[in-house]
Amino acid sequence: HEPNNREIAETSPKIPMPAELVDVSQIYSNLNAFAALKRDGTVVTWGDGECGGDSNNAAEPLLNVKQLYAAEDTCGFAALTHDHKLIPWGMGDETMPWTRGVRPVLHDVREFVVAKGLYAAIKQDGSVVSWSFEDASTAELGSGQYAAPAMTGVVSVSVNYGAFAALKRDGTVVTWGQADYGGDSHEVASALNNVKLLYANDNAFTAMTATGRLVSWGKVRAEHKGREQVAKLNQLAPAVKVVASKNGFAALLADGSVYAWGEGELTEYDVPFPAHLSRPNRANKVIDIFANNDAFAALTIGRQLIVWGSKFHGADTSVLKDKLQSVLKVYPFDEGFVALRRDNTAIAWEGWELAENQPRYQEVSQVSKVVTYEREFAFLKQDGTVVDGHSGPKTDITQATDIFPTGLGFTVKRQDGSIAVWMREDPAVTLDKQAVDLTHMRDIRSNLLDVIALMDDGTVQAWDVTGRTSNVL
């Protein structure tokens, strides 16, 4: 059987967090390890040694470091020094140890992009060095499928699961990688000028120009319907915002209308795009748009929320009747949405379960904060109690003042600085101030099971989502 992330986290050899960790300026986490950047420019790492927790795997000592980059959903870190050296270590896929070789040290680097198993170092002269976690040799940095073509003047790089798109200072775009993922942009090359922003979904890109014109390429053009939709992009009013699901895009236009494309052929399990959003009257002009993995939501000027896309991702709102009115804020998560209304009531709903063919939803009153993470969501209430999106009220938690998604669970900060943690249906565990005190917390980071917090005084506190606080994570 393929090991899942939790099994990997629980069986990997762990390097313990150092007992005396002080003078820390920033903290970072990836799938199964942690890194702390100290004020003197040195780096301390711990956790799964093969996932970046052992910085002895770096090609050279980590000194004079200005910034760290974490491969948040997989393994590895990279350090950028004050003299522009990029030193990666532990980079690769958590289920494929052979992808985690030492990477060469790169010089004259300005910025590093790491996402979706692809890596791009933007150099001082605006050239790019790029690779994927499958590239195990230095030679492939120059000649592999994901090696960047020669160019200069690059300002930023966007990635999806198979291709790169680089935005240059002159407003043009260079693409490479898998052709069908958008690595080949020759069909739209003449339109890719004066570009201001790039957006990526899992397998395509969209560019927005300085005048709000949109250009889209990659798998959104793979089928006839997609090509027809993309062809209409240049007939639209100027765009002001673009959001992406896994396979589609939606744009909010300056006239308050919405245009959506790339979702493919619809089935009985989809709610089609609401036609009136493309021609809104004054009362239902759209003021914001949102996306989760496979559904979209539009908030109108009258504060009504309108949803479309996959019924397995929250597009079916039929059971909510008129509950999506007076909506103040919207929080997408992987398979649904949370709408926080003006009366501080949160309406949360998820997509269909295969067996049930109807969405699951809940209504929580007096909400002061909503947090979401992947498939999970939770609420902090004004009375200091909390509600888990799936398992309901956590009756053993009181006096809560803040809440954070932490790995597979949640951490609550209580009035006196002590914490409570829980994971899914498990009962909450409260830890007293002697164990963990978040009164002067500056930042919080987590991986699957473990959590660290950076304090104002440069110290770091640690615990896990089962309530253990031993430094041996």
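Remember, predicted model here, so these are calculated numbers, not experimental data.
Scanning both residues, Gly182 and Ala163, for their nearest heavy atoms gives C-CB, 4.0 Å. Across every non-hydrogen atom of Thr175 and Gly183, the tightest pair is OG1-O, 2.8 Å. Shortest non-hydrogen contact noted between Ser446 and Gly407 is OG-N, 3.0 Å. Asn30 and Cys51 make their closest contact through ND2-O, 2.7 Å (heavy atoms, listed as atom of the first residue, atom of the second, distance). Closest approach of Val155 to Arg110, counting heavy atoms only: O-NH2, 3.5 Å. Residue Val242 comes nearest to Met208 through the heavy atom pair CG2-CE, 3.9 Å, listed as atom of the first residue, atom of the second, then distance.
Shown here is Lys329, whose NZ atom has no more than 12 heavy atoms of other residues, nucleotides or ligands within 6.0 Å. Within a 6.0 Å sphere centred on CD1 of Ile287, other residues, nucleotides and ligands contribute more than 12 heavy atoms. Residue His440 qualifies as open at atom NE2: its count of foreign heavy atoms under 6.0 Å is 12 or below. More than 12 heavy atoms of other residues, nucleotides or ligands lie within 6.0 Å of CD in Gln124, so this atom counts as buried by the packing criterion.
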Taking it one step at a time, do Asp108 and Asp125 satisfy side-chain contact (heavy atoms from CB on, under 4.5 Å)? CA-CA 8 Å; Asp108 301 317; Asp125 63 358; over 6 Å; no
Can you list the steps and then say if Met91 with Tyr69 is a side-chain contact (heavy atoms from CB on, under 4.5 Å)? CA-CA 11 Å; Met91 291 280 178; Tyr69 298 90; 5.7 Å; no
Let me see the working for Phe112 and Leu80 under side-chain contact (heavy atoms from CB on, under 4.5 Å), right down to the final yes or no. CA-CA 8 Å; Phe112 187 50; Leu80 183 62; over 6 Å; no
List the steps and the verdict of side-chain contact (heavy atoms from CB on, under 4.5 Å) for Val330 and Asp288. CA-CA 9 Å; Val330 179; Asp288 208 350; over 6 Å; no
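Judged by the 6.0 Å and 45° rule, Lys241 forms no cation-pi pair with Tyr199. Remark: Lys311 fails to qualify as a cation-pi partner of Tyr269 under the 6.0 Å distance and 45° angle criteria applied to the six-membered ring.
A salt bridge links Arg39 with Asp23: at least one charged nitrogen is closer than 4.0 Å to a carboxylate oxygen. Between Arg341 and Asp343 there is a salt bridge, with a side-chain nitrogen of the basic residue lying less than 4.0 Å from a carboxylate oxygen of the acidic one. Using a 4.0 Å cut-off between charged nitrogen and carboxylate oxygen, Asp294 and Lys246 do not count as a salt-bridge pair.
With Thr406 contributing its side chain and Thr411 its backbone, the two residues share a donor-acceptor pair below 3.5 Å. Side chain of Lys219 to backbone of Asn203: no donor-acceptor contact under 3.5 angstrom is found. Remark: the backbone N or O of Gly417 is not paired with any side-chain donor or acceptor of Lys433 at under 3.5 angstrom. For Thr81 (side chain) and Asn64 (main-chain N/O), no donor-acceptor pair under 3.5 Å exists by modelled atom type. The backbone N or O of Phe34 sits nowhere less than 3.5 Å from a side-chain atom of Trp46 that would complete a donor-acceptor pair. Using a distance-only test at 3.5 Å, with no hydrogens or angles considered, a donor-acceptor pair links the side chain of Asn160 to the main chain of Tyr181. Checking side-chain atoms of Gln461 against main-chain N and O of Asp437 turns up a donor-acceptor pair under 3.5 Å. For Asp396 (side chain) and Ala428 (main-chain N/O), a donor-acceptor pair under 3.5 Å exists by modelled atom type. At least one donor-acceptor pair under 3.5 Å links the side chain of Ser130 to the backbone N or O of Ala148. Side-chain N or O atoms of Asn201 include one that pairs as donor or acceptor with a backbone N or O of Asn247 at under 3.5 Å.
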Could you list the donor-acceptor pairs under 3.5 angstrom formed by side chains in residues 384-393, with sequence neighbours left out?
{"unit_1": "Thr385", "atom_1": "OG1", "unit_2": "Asp383", "atom_2": "OD1", "d": "2.6"}
{"unit_1": "Asp388", "atom_1": "OD1", "unit_2": "His390", "atom_2": "N", "d": "2.7"}
{"unit_1": "Asp388", "atom_1": "OD1", "unit_2": "Ser391", "atom_2": "N", "d": "2.8"}
{"unit_1": "Asp388", "atom_1": "OD1", "unit_2": "Ser391", "atom_2": "OG", "d": "3.2"}
{"unit_1": "Asp388", "atom_1": "OD2", "unit_2": "Trp422", "atom_2": "NE1", "d": "2.7"}
{"unit_1": "His390", "atom_1": "ND1", "unit_2": "Glu376", "atom_2": "OE1", "d": "3.1"}
{"unit_1": "His390", "atom_1": "NE2", "unit_2": "Glu350", "atom_2": "OE1", "d": "2.8"}
{"unit_1": "His390", "atom_1": "NE2", "unit_2": "Glu350", "atom_2": "OE2", "d": "3.1"}
{"unit_1": "Ser391", "atom_1": "OG", "unit_2": "Lys394", "atom_2": "NZ", "d": "3.3"}
{"unit_1": "Ser391", "atom_1": "OG", "unit_2": "Arg424", "atom_2": "O", "d": "3.1"}

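Of the candidates Asn293, Thr372, Asn292, Asn293 is the only one forming a side-chain contact (heavy atoms from CB on, under 4.5 Å) with Asp334. Among the candidates Asp54, Asn32, Asn447, the single residue satisfying the side-chain contact (heavy atoms from CB on, under 4.5 Å) test with Asp48 is Asn32. Each of Phe164, Tyr146, Tyr119, Trp176 was evaluated against Trp131; a single residue qualifies, Tyr119, per the ring-ring contact (aromatic ring centres under 6.0 Å, His included) test.
Aromatic ring orientation, Phe312 versus Trp352: perpendicular (interplanar angle above 60°, classes split at 30° and 60°).
Residues Gln366 and Asn344 form no side-chain contact, since every pair of their non-hydrogen atoms from C-beta on lies 4.5 Å or further apart. Side-chain contact between Leu454 and Gln26 is absent, with no heavy-atom pair separated by less than 4.5 Å. The shortest distance between side-chain heavy atoms of Tyr161 and Gln178 does not fall below 4.5 Å. Counting only heavy atoms from C-beta outward, the side chains of Glu263 and Asp270 never approach each other to under 4.5 Å. By the 4.5 Å heavy-atom criterion applied to side chains, Met17 and Asp450 are not counted as neighbours. When side chains are defined from C-beta on, Phe290 counts as touching Leu299, because their heavy atoms get closer than 4.5 Å. Using a 4.5 Å heavy-atom threshold, the side chains of Val412 and Leu380 count as separate. Counting heavy atoms from C-beta on, the side chains of Leu31 and Thr74 never come closer than 4.5 Å.
Side chain to side chain, Thr45 and Trp89 fail the donor-acceptor criterion of an N or O pair below 3.5 Å.
The line from CZ of Phe404 to OH of Tyr373 is 15.5 Å long, rounded to the nearest 0.5 Å. The line from CG of Asp402 to NZ of Lys369 is 3.5 Å long, rounded to the nearest 0.5 Å. Atom-to-atom distance recorded for Ser365:OG and Phe379:CZ is 11.0 Å, nearest 0.5 angstrom. The distance from the OH atom of Tyr331 to the CG atom of Leu340 is 5.0 Å, given to the nearest 0.5 Å. Atom CG of Leu167 and atom CZ of Phe205 lie 12.0 Å apart (nearest 0.5 Å). Atoms CG and CE, from Asp443 and Met455 in turn, are 9.5 Å apart once rounded to the nearest 0.5 Å.
Close placement of the Trp308 and Phe296 rings is indicated, their centers lying within 6.0 Å of each other.
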